[in-house]
Amino acid sequence: MKNILNKRIIVEIVLMVCFVFTGYTISVKYNLHAMFESEFAEKRVNEIIIVFLCIIISFVIFIFRRWQDVSRELLLRMKAELHVENLNKQINFILGATKTGLDIIDRDYNVRYIDPEWQKIYGDPKGKKCYQYFMDINEICAGCGVKQAFDTRKMIVTEEVLKKENNRVVQVTTIPFQTNTGEWLVAEVNVDIRDRKNLESALEKSYKNVQEMVDIRTMELNMRNEQLQNEIAARKKIQQELEFSNRELEETLWKLERAIRVKTDFTAMVSHELRTPLASIRESLSLVLDHTAGSINEEQNELMQIAKRNVDRLANLINNVLDFQRMESGKLEYNIKENDINLAVKEVYKMMHQLAKDKGLQFEIRIEDKVCLLRFDNYRIIQVLVNFVGNAIKFTEKGSVIVSTKFYGKDVYGRDKLSQNDLPEEFVLVSVQDTGIGIKKENIPELFDRYAQVGEMTERKTGGSGLGLAISKNIIDAHRGKIWVESEFGKGSVFYFVLPVR
Ligand code: ADP
């Protein structure tokens, strides 16, 4: 720019000389100096005046041109300065907003430039080395980025802790560059990374926490695992023991079943084998008692009667045992069809009244005519009735035995007085009431269990198998009926069964 300006000044001076010479030549040629003749007498003086005038004019033009140049240059400079100032402001604003500091350091660690924000904190850097200025120390920092940048001529990134700024952590990017005079400098861009560091340490902390939690959880899981393994081992041991005792149990069960089977088979065989000769004895006794085999005296008759009663008892016992075994093995079959319950009661009366009479008991049947036809196995229901009446006579020394039947519909009076509540909608109630020895309250619940009599209840004085009531319950259950007893010890009992009307 300056060169160009110099050349222009030389050209203009040459033009000025040309102008003066041309002016002088023209004035001589056209005799212009005559204009001043009146005032100046001498021609030479006039010529000098013209030359002088030419010089003044060209000088004025030259000055004007210079003034133009200077004012243009001034304007440009002002504009440039304004632009730089704005730029500076913007840069400072950005640096301030991003908490970024900027400085320039030379080879001898002198601070050549420091941005105003930093100057406010660190003061004037004049005469101070960068390490003195920033770090308050008298030798270059360990791992100094400035030195590395100068040595390698490459950009270096380091992290610094600024003690003067309450240990603020900054990331320093040191960029080497060369000025137009060939001098090497470095620019340091310091970016505040406190937030990032805080975030990093928070992250690290939470990572540590998570890690700790994971460790604890893993430890717990390992412990639980160990516990589980122990439990599994203990369970396995128990299982093995169980399997072993199961096997033992199965073996015992098998032995027991075999023993029961042998016993049952044996009982069945014995009972069966006993029935035939008993039937023959019974037949023979009947023939003697009927006098078919000739006449017998009173004493003989009585002895025969005793023999027949015992044979009957024995036959009854054997029948009960056989029935019970059939029931247990589910082999007892029922012939259920329409039958008249009153007829069944009457038949039992015929069969048993002599027995009651022999004991001097009053034996009565109170049947309700409206009792309708029912579906039942006549033979088995008679068996239940014989058992009830037989027991009543057996356990009654004086008084009465009364058999009654009664129909109960939905709304029949007295239905609610029955001790049982889950009875069928319509049914016939059959009861056998006696005035005998009665049954103790505590013995009632197990009365219908098999061998119930076996025990202290009647002390086997009366004989019997103790199977009669169990068989009766089984028969009534098979008819979907109900069976129960109400009794008062010492006063008498009432045995009931119910058959549903279907
Ligand atoms: P058993 O054939 O021995 O009579 P049951 O099963 O018919 O067997 O009767 C079981 C027991 O119930 C009887 O031994 C007796 O103790 C008692 N029992 C049954 N009916 C009566 C009754 N009417 N009065 C008193 N006790 C009875």
Side-chain angles (χ1 to χ4, degrees), residues 267 271 274-275 278 309-328 332 345 348-349 351-353 355-366 379-405 419 429-478 481-498:
T267 321
S271 310
L274 279 174
R275 262 172 111 181
L278 263 180
R309 269 204 302 278
N310 279 307
V311 166
D312 281 346
R313 267 179 67 186
L314 203 58
N316 190 37
L317 186 75
I318 290 167
N319 280 341
N320 273 351
V321 170
L322 283 174
D323 276 350
F324 192 74
Q325 270 171 351
R326 277 196 215 111
M327 252 173 226
E328 291 276 272
L332 195 72
V345 171
V348 172
Y349 180 80
M351 285 160 68
M352 314 289 283
H353 80 278
L355 204 65
K357 200 175 162 194
D358 291 348
K359 272 192 96 175
L361 299 173
Q362 180 196 341
F363 187 29
E364 245 182 71
I365 53 171
R366 292 177 190 167
Y379 174 77
R380 294 292 168 196
I381 292 299
I382 286 178
Q383 190 179 347
V384 176
L385 278 167
V386 166
N387 178 245
F388 277 13
V389 174
N391 281 341
I393 295 170
K394 192 157 58 172
F395 297 109
T396 307
E397 290 312 317
K398 62 172 187 222
S400 60
V401 173
I402 300 162
V403 184
S404 37
T405 60
S419 61
L429 177 78
V430 182
S431 63
V432 178
Q433 186 179 7
D434 65 57
T435 52
I437 59 170
I439 304 160
K440 282 183 184 161
K441 240 189 191 143
E442 64 267 25
N443 291 328
I444 289 179
E446 72 240 30
L447 208 62
F448 293 93
D449 293 346
R450 57 177 147 160
Y451 311 117
Q453 172 260 349
V454 182
E456 70 294 351
M457 270 198 284
T458 48
E459 287 153 359
R460 301 195 66 90
K461 268 193 272 178
T462 49
S465 60
L467 289 173
L469 288 177
I471 294 170
S472 299
K473 180 172 173 9
N474 215 296
I475 293 169
I476 298 301
D477 284 350
K482 281 222 141 216
I483 189 166
W484 74 97
V485 62
E486 286 165 14
S487 182
E488 208 176 319
F489 188 62
K491 281 198 170 168
S493 320
V494 191
F495 279 78
Y496 297 94
F497 71 82
V498 151

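All values below were derived from every heavy atom in this structure, side-chain atoms included, with hydrogens, water molecules and symmetry-related copies excluded. Ligands are counted one by one from 1 in listed order, and the atoms in each one are counted from 1 as well.
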[X] and [Y]: which non-hydrogen atoms are nearest, and at how many Å?
X: A470; Y: F324; answer: CB-CE1, 4.0 Å
X: I475; Y: Q383; answer: CD1-OE1, 3.9 Å
X: I393; Y: M352; answer: CD1-O, 4.0 Å
X: G492; Y: S487; answer: O-OG, 3.2 Å

Minimum non-hydrogen distance to atom 21 (C) of ligand 1, winning option of F489, F388, F395, F448
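It is F395 whose heavy atom sits nearest to atom 21 (C) of ligand 1.
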
[X]: numbered ligand 1 atoms lying under 4.0 Å from its heavy atoms:
X: N387; result: 7 (O)
X: I439; result: 25 (C), 26 (N), 27 (C)
X: S493; result: 24 (N)

Any N or O on [X] sitting closer than 3.5 Å to an N or O of ligand 1?
X: N391; result: yes
X: L447; result: no
X: F495; result: no

For this session: Kindly write out the residues that satisfy side-chain contact (heavy atoms from CB on, under 4.5 Å) with D358, not counting sequence neighbours, or none if the list is empty.
Result: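 Partners of D358 by the side-chain contact (heavy atoms from CB on, under 4.5 Å) criterion, ordered by chain and then number, come out as Q354.
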
Honestly, for N320 the part within reach of ligand 1 (heavy atoms, under 4.0 Å) is neither

| Below 4.5 Å, heavy atoms only, C-beta onward: do N387 and I471 meet side chain to side chain? |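 Side chain of N387 against side chain of I471, heavy atoms only: no contact under 4.5 Å found.
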
